[in-house]
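Read through the structure below, which is laid out as structure tokens, and then see the notes.
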Amino acid sequence: MNFFARRSQWPQAILAVLPFTLFFPLGFMYTGVVAFIIAYLLAGDFATRWRHVKESPLRWPVLALSVVSVGAGIFLERPPSEFWTDLVHYQIFVFLLFFASIGPGAWQHRAVKTFFTGATVAATLFYLNYLGVLPNVSFFRSYVTYSGNKSILLGVLLAIASAWMLFQLSEQPVRPVNWPRLLQFLYVAAAGLLLGKTRTGSLIFVMLCMLIGARHLHLSWRNVLGVLAMGVLLTLLLAQASGLRQRVDNTVADISAFSEGKQTSEQGIRLAMYGVTLQIIAEKPLQGHGVGTWLQEYRARTVGNPINIQLTPHNDYMLYMSEIGLFGLLALLWILVGLLVHAWRTGGERGMWLGMLTLSLMLGAMFNAMIRDGVFGMAFMILLAIPLAGALPARAGQPPRVPD
């Protein structure tokens, strides 16, 4: 009996550890996901899991996106390669339902702690690399050199983790000061802003800080001093982040050059990519061109152009519109807006965290394949499951508290 009782807790135990794996090579995360699936099947109690799925506020929008993407796969053009991989990518939110169906429990407390621990370890690795003592081996490569989406993900995760820490601090009494959490926040936030290799992470951090500030927007000495202190901190950090300043300056210059029809820098090629993607969308705005067709359509229009090497349009909304049309985009927005509405209705700490994650995903999707790419998508599904698990309409009166 004890064996079966423990076995029923295996999915929660594994999901509580998965946030820590997000800061390391992708193999760790996917190994954890496979282990979760196996534990889920062995744990049984499928009736309860299925009831959680049916009661989830996401069941209909996720089903709508699946129907639209599968329909596009059946009736529209199929590319000669990677069609099935791309089709699976459109089902990423099914994993969120899958993760969240295990329901609430102590695992949510442990998941937050392991996420914060992972962020602290990642910040330490960035500092060690800055000091020149981190070896340039495959395990640490994303910390040493820019490694595409994985490096971007690390910056985004540090931004979210530090913002969650800041939110916890803002909800606690003025006295006594939670010095361990305050120092951990400063440690992680500084690493993300100064040493992270992504502008998206910095934008997400600033947006979440503004959201936390707006939550406490009433006049008091504590709030005024808090806002001033945060403003000074951000100013000092950004003033020291020369790489970030340079990329921001280059972005502004690229926008100006593109609007005047001039040549942009290598970093500004995404503006040209957006222009080509808009041409693709304009041809079939309602139904799209088909699952996985963006790349072949894009390359057919950019032969001989340096931007031909890109693999995604760096904008999930455009990608969805170009491949599965307006209905696919509306289904995606239904999911995202539904998450925000549910966060608002849930309220409290869990609702705030769900809203912060959703807004981070929405903002990141404007500049990267944050939803479509499995590097980002699976990581966000794991994190979203923490506040979403057990968030059922019938239980909205007293939602379980997510821990300090």
Side-chain angles (χ1 to χ4, degrees), residues 17-36 82 85 89 92 114-162 184 187-205 237 240-248 250-251 265-267 269-270 295 306-307 309-312 314 316 360-361 364-365 367-383:
V17 177
L18 277 178
F20 184 81
T21 67
L22 304 181
F23 297 94
F24 301 100
L26 292 178
F28 288 83
M29 179 183 73
Y30 284 118
T31 299
V33 171
V34 171
F36 174 85
E82 298 190 10
T85 302
H89 287 165
I92 190 66
T114 57
F115 182 51
F116 286 174
T117 301
T120 305
V121 172
T124 302
L125 293 176
F126 272 119
Y127 290 127
L128 292 176
N129 177 60
Y130 179 75
L131 296 174
V133 296
L134 192 65
N136 188 8
V137 296
S138 59
F139 188 84
F140 301 124
R141 186 156 297 145
S142 298
Y143 294 92
V144 177
T145 60
Y146 179 75
S147 304
N149 287 344
K150 183 59 181 179
S151 293
I152 296 173
L153 176 64
L154 289 174
V156 169
L157 292 175
L158 289 180
I160 294 172
S162 55
Q184 187 181 29
Y187 186 78
V188 174
L193 288 173
L194 297 178
L195 305 177
K197 300 173 175 62
T198 169
R199 289 167 291 186
T200 305
S202 301
L203 288 174
I204 287 175
F205 178 74
L237 290 175
Q240 295 300 318
S242 59
L244 176 62
R245 287 205 317 272
Q246 181 180 2
R247 297 195 73 180
V248 171
N250 288 343
T251 299
S265 70
E266 184 178 353
Q267 293 183 9
I269 61 176
R270 71 177 58 195
L295 186 59
I307 66 174
I309 63 173
Q310 300 300 314
L311 300 177
T312 73
H314 292 265
D316 273 327
S360 300
L361 184 60
F367 310 107
N368 299 280
M370 199 71 71
I371 300 170
R372 178 68 178 280
D373 193 302
V375 175
F376 302 109
M378 189 63 72
F380 267 94
M381 298 307 108
I382 291 170
L383 294 178

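Computed from a predicted structure; not experimentally measured.
Rounding to the nearest 0.5 Å places CG of Leu26 at 7.5 Å from OG of Ser142. Distance check, rounded to the nearest 0.5 Å: CZ of Phe36 to OH of Tyr30 gives 15.5 Å. Going from atom CE of Met378 over to atom CG of Leu18 covers 9.5 Å, rounded to the nearest 0.5 Å. Taken to the nearest 0.5 Å, the CG atom of Leu158 stands 11.5 Å off from the CD1 atom of Ile204. The CG atom of Leu154 sits 9.5 Å away from the CZ atom of Phe24 when rounded to the nearest 0.5 Å. Here Leu295 contributes atom CG and Leu311 contributes atom CG; the two are 6.0 Å apart, rounded to the nearest 0.5 Å.
A heavy-atom distance below 4.5 Å is not found between the side chains of Ile92 and Phe376. Side-chain contact between Leu383 and Leu157: present, with at least one pair of heavy atoms (C-beta onward) separated by less than 4.5 Å.
Contact between Gly201 and Thr198 at its shortest, heavy atoms only, is N-OG1, 3.4 Å. Across every non-hydrogen atom of Ala189 and Phe205, the tightest pair is CB-CZ, 4.0 Å. Contact detail for Ala365 and Ile371: the closest heavy-atom pair is CB-CD1, 4.1 Å. The two atoms that bring Asp316 and Ala369 nearest to each other are OD2-C, 3.2 Å, heavy atoms only.
Residues satisfying the side chain to side chain donor-acceptor pair (under 3.5 Å) criterion with Asn368, sequence neighbours excluded, are Thr200. For Phe367, there are no ring-ring contact (aromatic ring centres under 6.0 Å, His included) partners at least two apart in sequence or on another chain. For Ala379, the side chain to side chain contact (heavy atoms under 4.5 Å, CB included) test picks out Leu22, Met29, Leu153, with sequence neighbours left out. Partners of His89 according to the side chain to side chain donor-acceptor pair (under 3.5 Å) rule, which considers only residues two or more places apart in sequence or in another chain, do not exist here.
Side-chain atoms of Asn149 never come within 3.5 Å of backbone atoms of Val375 as a donor-acceptor pair (strictly under, hydrogens ignored).
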Compile the donor-acceptor pairs under 3.5 Å between side chains in residues 119-134 and protein atoms, sequence neighbours left out, one pair per line.
{"from": "Thr120", "atom 1": "OG1", "to": "Phe116", "atom 2": "O", "distance (Å)": "2.9"}
{"from": "Thr120", "atom 1": "OG1", "to": "Gln184", "atom 2": "NE2", "distance (Å)": "2.8"}
{"from": "Thr124", "atom 1": "OG1", "to": "Thr120", "atom 2": "O", "distance (Å)": "2.9"}
{"from": "Thr124", "atom 1": "OG1", "to": "Tyr187", "atom 2": "OH", "distance (Å)": "2.8"}
{"from": "Tyr127", "atom 1": "OH", "to": "Tyr187", "atom 2": "O", "distance (Å)": "2.7"}
{"from": "Tyr127", "atom 1": "OH", "to": "Ala191", "atom 2": "N", "distance (Å)": "3.2"}
{"from": "Asn129", "atom 1": "ND2", "to": "Tyr143", "atom 2": "O", "distance (Å)": "3.1"}

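Counting only residues at least two apart or on different chains, no side-chain hydrogen bond (donor to acceptor under 3.5 Å, both in side chains) pair has a member in residues 150-160.
Here the rule is side chain to side chain contact (heavy atoms under 4.5 Å, CB included) with Phe28, and of Phe139, Phe20, Phe23 only Phe139 fits it.
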